[in-house]
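Structure first, commentary second.
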Amino acid sequence: MAQITVPHGTRPAARPAGPQAVTFPNRDRLRLFGILHLPQGPCNRTGIILLCPGVKNRVAPQRLYVKMAKRFCSLGFAVLRFDFHGIGDSEGKIEEELAADFYGTVQAGRYIDDTLAAMDWMQADSGMDSFIIAGLCGGAITGLLAGARDRRIRGLLALGIPVIINGKGFDPAKYITRGQLDRIRGKYIAKLGDASSWMRLITLRSDYRKIFKSLCAPLLHSVNKKDLPEKKTDKKINDSAGGAAGNLNPLFRPAFEQMLESGRRVIFIFSGSDRLQWEFEEKFAADYDMGQWQGMFRKHTIPEANHVLSFTQWQEAMLDIACDWLKPYMEADKEMHARAQHSF
C-alpha cells in the first residue's frame, strides 16, 4: 500500500479504490495512523469510522475490523480504521501502569478528540460531513460519548459496549451482578471434581472473595427477601449480593439519550457469553424503559459468542445484522444523490 500523508484541511485528488495508508493530526498535533478503504464506484455520502477496542489497534482481535471494513466497503461506504494516540503506529504514550486504569480513562472519554479529529480529516479529505461510528468495547463507548458531542455522527454501531467504569476506586468483586454470581457459582460447582481447581484453591491462587460471594448469594437473597419490605429488598439484595450498579458509568445514560433524542440511530450487538451483556441487562436495562426508543434503538445478541467474536460464524452473524441496520443510510444517500442529479 502506498503511504499518503494528507495535510489537515486539504482535499487531495481522487483516490483509487481499495485500502490506502493515511496519516492525520489529532487536536494535540500528534500524528495518527490509519487505513482508508474506498469502494469501487461512487461512495455513499456517509462515511464509517472504526474505533480501536481498548488497547488493541486498528486491526482488532481476529482481524475483525479488516473484515468489517471490506464488508462495509462493498456496500459503497468509505471506511476509516485508525489507531488512537498511544496505540499501534500512532504517536503518543499511555502512561497508566494498570490496564483497569487505562480502561477507566477510555470509558470516561479519553479518545473523543481523536474521533472528532478523524471526522475532521475525513471531511476535509473526502468531503463527507456525516458519519457512522462503529467499534468493539472501548471503541463502542468512545463512539457513544463522541456522538453526544458532535452531531456529524448520524449513527452508532456498538459491539459489546461497556456500561461500567473501571479504574482506581472501583473494586470489581463488589459490583458483580446477581446474574453473574449465579453463573460463577455454577462454574465452581462444576469444578468440584477437578483436581487442578482444588490445587489452585489450597495454594492460594483462587479468588476467594468471588467464591464466597457466589456461594453466599442465594442465602443472602433468601434472608433479605424474607426480612425486608419489597422496595428495600431489591436494593439490599443488590448491595449485599454484589449486583449494585454502583460502578455504572455516569456518562453512559446521558450520552445514550442524547443520541436517540436527537434522532440518531443506535444499535447494540452483544455476544451471548460476554459479561458485558449481563452488565448491560442487569445494571442498566433492567431499570430503564428501552421501549421508548422503539424504531431508533435496536439490540441483538449472538448466542454463545465470546467478547471478541473469535469464530467466523459469529463474525458473519454480526456483519449480517450490521449490514441490515445500515440499509436506511444507503437508501437515504441514494435519494440525496438522485435529487442532486435531477437538480442539474
Side-chain angles (χ1 to χ4, degrees), residues 1 18-22 32-39 46-84 86-90 99 102-103 106-107 110-111 114-115 118 122 131-147 153 155-163 266-277 279-280 298-326 329:
M1 288 180 293
Q20 302 147 42
V22 299
L32 307 183
F33 184 95
I35 304 294
L36 177 66
H37 298 253
L38 293 179
T46 300
I48 296 179
I49 300 178
L50 304 179
L51 303 182
C52 291
V55 295
K56 304 296 185 181
N57 67 9
R58 64 189 181 276
V59 175
Q62 317 300 325
R63 297 182 60 80
L64 182 64
Y65 282 9
V66 178
K67 299 168 187 176
M68 291 173 70
K70 289 180 178 178
R71 184 77 174 268
F72 298 158
C73 203
S74 72
L75 301 178
F77 291 98
V79 182
L80 174 66
R81 51 187 180 88
F82 74 100
D83 293 335
F84 290 137
I87 294 177
D89 294 310
S90 291
F102 170 74
Y103 293 148
V106 172
Q107 292 153 359
R110 179 188 190 111
Y111 289 123
D114 281 7
T115 303
M122 213 167 171
F131 302 92
I132 295 164
I133 301 298
L136 168 68
C137 195
I141 188 63
T142 298
L144 180 66
L145 299 178
I153 296 176
L156 172 68
L157 167 60
L159 310 179
I161 191 169
V163 299
V266 174
I267 182 171
F268 289 170
I269 302 177
F270 285 101
S271 298
S273 297
D274 187 0
R275 68 173 177 82
L276 297 186
Q277 159 154 276
E279 290 173 349
F280 172 80
R298 287 168 59 181
K299 175 183 174 292
H300 291 269
T301 301
I302 301 173
E304 300 182 1
N306 63 13
H307 179 60
V308 297
L309 301 168
S310 297
F311 294 155
T312 300
Q313 62 266 33
W314 298 338
Q315 298 167 10
E316 291 298 324
M318 179 275 292
L319 286 169
D320 288 344
I321 294 168
C323 290
D324 179 70
W325 180 79
L326 287 170
Y329 296 100

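Given the structure is predicted, the values throughout are model-derived calculations rather than measurements.
Going from atom NE2 of H37 over to atom OG of S74 covers 12.0 Å, rounded to the nearest 0.5 Å. Separating the CZ atom in F77 from the CD1 atom in I48 is a distance of 4.5 Å, to the nearest 0.5 Å. Distance CG/D114 to SG/C52: 9.0 Å, rounded to 0.5 Å. Within the model, atoms CD1 of I49 and OG1 of T142 stand 12.5 Å from one another, a figure rounded to the nearest 0.5 Å. The line from CD1 of I133 to OG1 of T115 is 6.0 Å long, rounded to the nearest 0.5 Å. Note that CZ of R298 is 8.0 Å distant from CD1 of I321, once rounded to the nearest 0.5 Å.
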Walk me through whether M318 and K67 qualify under side-chain contact (heavy atoms from CB on, under 4.5 Å). CA-CA 11 Å; M318 179 275 292; K67 299 168 187 176; over 6 Å; no
Under the side-chain contact (heavy atoms from CB on, under 4.5 Å) criterion, do L51 and Y111 qualify, and how do the steps go? CA-CA 9 Å; L51 303 182; Y111 289 123; over 6 Å; no
When you look at L64 and V308, which way does the side-chain contact (heavy atoms from CB on, under 4.5 Å) test go after all the steps? CA-CA 8 Å; L64 182 64; V308 297; over 6 Å; no
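By the 30° and 60° cut-offs, the orientation of the rings of F280 relative to F268 is perpendicular.
Dense packing is recorded around CD of Q313, with more than 12 heavy atoms of other residues, nucleotides or ligands lying under 6.0 Å away.
A donor-acceptor pair under 3.5 Å links the side-chain atoms of D83 to the main chain of R58, judged by distance alone. For the pair Q315 (side chain) and L309 (backbone), a donor-acceptor distance under 3.5 Å is present. With hydrogens and angles ignored, the 3.5 Å screen pairs a side-chain donor or acceptor of S90 with a backbone N or O of F33.
Scanning all heavy atoms of the two residues, the minimum distance from G160 to H307 falls at O-CE1, 3.9 Å. When all heavy atoms are compared, the tightest approach of C137 to P162 is O-CD, 3.3 Å. Here the closest heavy-atom approach between residue L157 and residue F72 is recorded as CD2-CZ, 3.8 Å. The shortest non-hydrogen separation linking Y65 to L50 is O-CD1, 3.5 Å. Nearest heavy-atom pair across H300 and I267 is CD2-CD1, 3.7 Å. What you find for I35 and A21 is that their closest heavy atoms are CD1-CA, 3.9 Å.
Considering K70, M68, Q62 as possible partners of V66, the one that fulfils the side chain to side chain contact (heavy atoms under 4.5 Å, CB included) test is K70. Of the options I161, I302, L159, a side chain to side chain contact (heavy atoms under 4.5 Å, CB included) to F270 is made by I161 and by none of the others.
Considering only heavy atoms from C-beta on, R71 comes within 4.5 Å of D320 through its side chain. Side-chain atoms of I132 and T46, non-hydrogen and from C-beta on, do get closer than 4.5 Å to each other. The closest side-chain heavy-atom distance from F82 to L36 is not below 4.5 Å.
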